Amino acid sequence: MFLRIERDGIAGDGEASANAYYGENAVDVAARLEGMGDFLKKRVIESAGDVAAAWEEAWPLLAPSRAAQCALDLALWDWLGKRKGRTVAELALGIEPRPVVSFATIGLTGQKELERRMRELAGFPRVKIKADQTGDVSTVARVRAVMPEACIAVDANCAWEAVDFAKMAPDLAGLRIEFIEQPYPPARDAEMAALRPGVPVIADESCVVIDDVERVPGSFAGFNIKLVKCGGLTPALRMARRGRELGLRTMVGCMLESSLLIAAGAVAAQVTDYADLDGAWLLADDPAQGWSFDRGTLYPGEHAGLGALLHP
């Protein structure tokens, strides 16, 4: 779902890749945003602080849709950047945007597809492997053999409820896995402190919004930030900052998204330890042009604002 806001001849674009896991869909998100015209007419957006204030004040009108809040937040950042002739990274962080090294994903797949995917990812610096409920790490072992220098992470997507981590720990450590992402569902967060998988574990579904960050220490080594689930770039940057203060590893991730939303994620990735932003690269027909993805690295776009443009 895309949102465009216009004022003074300048258009700002935002996006929400609404996800059913969080009870969101594009139709509902669009319906919530369609009534925001009067709210926006009363806003003065001249600084990063104004965007943050609008993000806070819009929430009662958009709740409980964090996806809608994300689309509005991104559109305001993009508009302000274009208005000032500067990138959002400069406005939000005071730095020129730098290239971002991203994980590239290997999904649940058969052997033939796995071999094709590994050929495609040859030379990529970071690879994330999706895992099923069995906890079988043979796919990880195969990727490690073919890509000995790659940084490899495993995303369990809450599926490892029946996995014996004590038994798996030597295998996981021997495969030099960077981290495991969300092995248990959030309902089992209380058990995470006693988990000893042999490699760091980071939260995804267990850390959705900024208030969740305070519960991460002691249970996880870090957390994954997704703009659509937390409500945009404004809270994503706050989460990254708080995570660093707590000594946690931070990552910015994505859903299947166009290059517009990926560009916003790349701004957050300027201040996180990891990025998993290959969502637009996986699309057959990307409706936007933004940061270019070249062999696992995202390079900044040439445009002001978020650095992405929607195709006409």
Side-chain angles (χ1 to χ4, degrees), residues 17 19-22 100-110 113-114 117-118 120-121 124-144 146-147 150-165 168-169 171-173 175-189 191-192 195 197-208 212 216 219-230 236 239 243 248-257 262 265 268-269 272-282 293 296:
S17 181
N19 192 286
Y21 183 89
Y22 298 103
V100 172
V101 178
S102 172
F103 283 99
T105 304
I106 295 179
L108 297 173
T109 185
E113 175 62 19
L114 173 62
R117 187 67 170 152
M118 286 191 298
E120 184 179 26
L121 299 182
F124 279 52
R126 294 182 176 180
V127 177
K128 185 195 281 190
I129 302 169
K130 298 284 187 178
D132 64 16
Q133 71 276 8
T134 65
D136 181 10
V137 294
S138 60
T139 295
V140 183
R142 176 63 182 145
V143 174
R144 172 55 74 205
V146 173
M147 307 177 72
C151 170
I152 295 177
V154 176
D155 187 358
N157 281 121
C158 305
W160 283 8
E161 290 196 84
V163 167
D164 183 344
F165 282 98
M168 286 181 63
D171 291 335
L172 294 171
L175 291 169
R176 294 183 286 119
I177 295 171
E178 186 76 3
F179 59 78
I180 300 168
E181 186 176 346
Q182 196 73 39
Y184 291 168
R188 295 183 62 178
D189 280 356
E191 302 172 45
M192 294 303 302
L195 199 63
V199 297
V201 179
I202 70 169
D204 184 356
E205 289 82 359
S206 291
C207 187
V208 177
D212 296 332
V216 172
S219 296
F220 298 92
F223 57 92
N224 187 9
I225 304 164
K226 290 180 180 172
L227 275 63
V228 170
K229 71 180 186 181
C230 73
M239 292 174 74
L248 298 168
R249 301 188 188 199
T250 56
M251 177 169 72
V252 60
C254 65
M255 312 293 188
L256 282 174
E257 305 170 355
I262 293 296
T272 61
D273 298 300
Y274 307 105
D276 182 17
L277 296 172
D278 64 342
W281 183 57
L282 300 173
F293 190 79

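Quick caveat: nothing in here was measured; it's all calculated off a predicted structure.
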Original post:
Between atom CD1 of Ile180 and atom CD1 of Ile129, what is the distance when rounded to the nearest 0.5 Å?
Top reply: 11.5 Å
Subject >> Shortest non-hydrogen contact from Ala236 toward Leu227 >> reply: CB-CD1, 3.9 Å
Subject >> Inter-residue atom distance Met255.CE - Asn19.CG, 0.5 Å rounding >> reply: 4.0 Å
**OP:** Work out which heavy atom in Arg126 is nearest to a heavy atom in Asp273; give both atom names and the distance.
**Re:** NH1-O, 3.7 Å
Original post:
Rounded to the nearest 0.5 Å, how far apart are OG1 of Thr139 and CE of Met118?
Top reply: 8.5 Å
**OP:** Could you tell me the separation between the CG atom of Asp171 and the CD1 atom of Ile177, rounded to the nearest 0.5 Å?
**Re:** 9.0 Å
**OP:** Working to the nearest 0.5 Å, report the span between OG of Ser206 and CG of Asn224.
**Re:** 11.5 Å
Subject >> Considering all heavy atoms, the nearest Val216-Gly222 contact >> reply: CG1-O, 3.8 Å
**OP:** Check for a donor-acceptor pair, side chain of Glu205 on one end and backbone N or O of Cys207 on the other, with a separation under 3.5 Å.
**Re:** no
Original post:
Are Phe179 and Phe220 near enough that their ring centres are under 6.0 Å apart?
Top reply: no
Original post:
What distance separates Met147 CE from Phe124 CZ, expressed to the nearest 0.5 Å?
Top reply: 8.0 Å
Original post:
So, does Arg144 use its side chain to make a donor-acceptor pair with the main chain of Ala150 at under 3.5 Å?
Top reply: yes
Original post:
Is any side-chain heavy atom of Met251 closer than 4.5 Å to a side-chain heavy atom of Ile202?
Top reply: yes
Contacts under 3.5 angstrom, residues 154-161 side chains, donor-acceptor by atom type, not counting sequence neighbours:
{"residue": "Asp155", "atom": "OD1", "partner": "Asn157", "partner atom": "N", "Å": "3.1"}
{"residue": "Asp155", "atom": "OD2", "partner": "Lys130", "partner atom": "NZ", "Å": "2.8"}
{"residue": "Asn157", "atom": "OD1", "partner": "Lys130", "partner atom": "NZ", "Å": "3.2"}
{"residue": "Trp160", "atom": "NE1", "partner": "Asp132", "partner atom": "O", "Å": "2.8"}

Original post:
Are Ile262 and Phe293 close enough that some pair of their side-chain heavy atoms sits under 4.5 Å apart?
Top reply: no
Subject >> Nearest atoms (heavy-atom pairs only) where Gly253 meets Lys226 >> reply: C-CG, 3.8 Å
Original post:
Can you tell if the side chain of Glu191 reaches within under 4.5 Å of the side chain of Leu195, non-hydrogen atoms only?
Top reply: no
Original post:
Just by modelled atom types, is the Leu277 backbone N or O under 3.5 Å from a matching donor or acceptor in the Ser102 side chain?
Top reply: yes
Original post:
Is any side-chain heavy atom of Pro183 closer than 4.5 Å to a side-chain heavy atom of Val201?
Top reply: yes
**OP:** Kindly give the heavy-atom pair with the smallest separation between Cys254 and Asp276, and that separation in Å.
**Re:** SG-O, 3.3 Å
Subject >> Nearest non-hydrogen partners of Ser17 and Val228, listed with the distance >> reply: O-CG1, 3.4 Å
Original post:
Any idea how Tyr274 and Phe103 line up, ring-wise: parallel (<30°), tilted (30 to 60°), or perpendicular (>60°)?
Top reply: tilted
**OP:** Applying side chain to side chain donor-acceptor pair (under 3.5 Å), name anything that partners Thr105, two or more places apart in sequence or on another chain.
**Re:** Asp278
**OP:** Please test Thr109 against Arg117 for side chain to side chain contact (heavy atoms under 4.5 Å, CB included), starting from the C-alpha separation and ending with a verdict.
**Re:** CA-CA 9 Å; Thr109 185; Arg117 187 67 170 152; 6.0 Å; no
**OP:** Using atom types as modelled and distance alone, determine if a side-chain donor or acceptor of Gln182 lies under 3.5 Å from a backbone N or O of Asp204.
**Re:** yes
Original post:
Is it true that Glu181 and Lys128 have a side-chain N and a carboxylate O under 4.0 angstrom from each other?
Top reply: yes
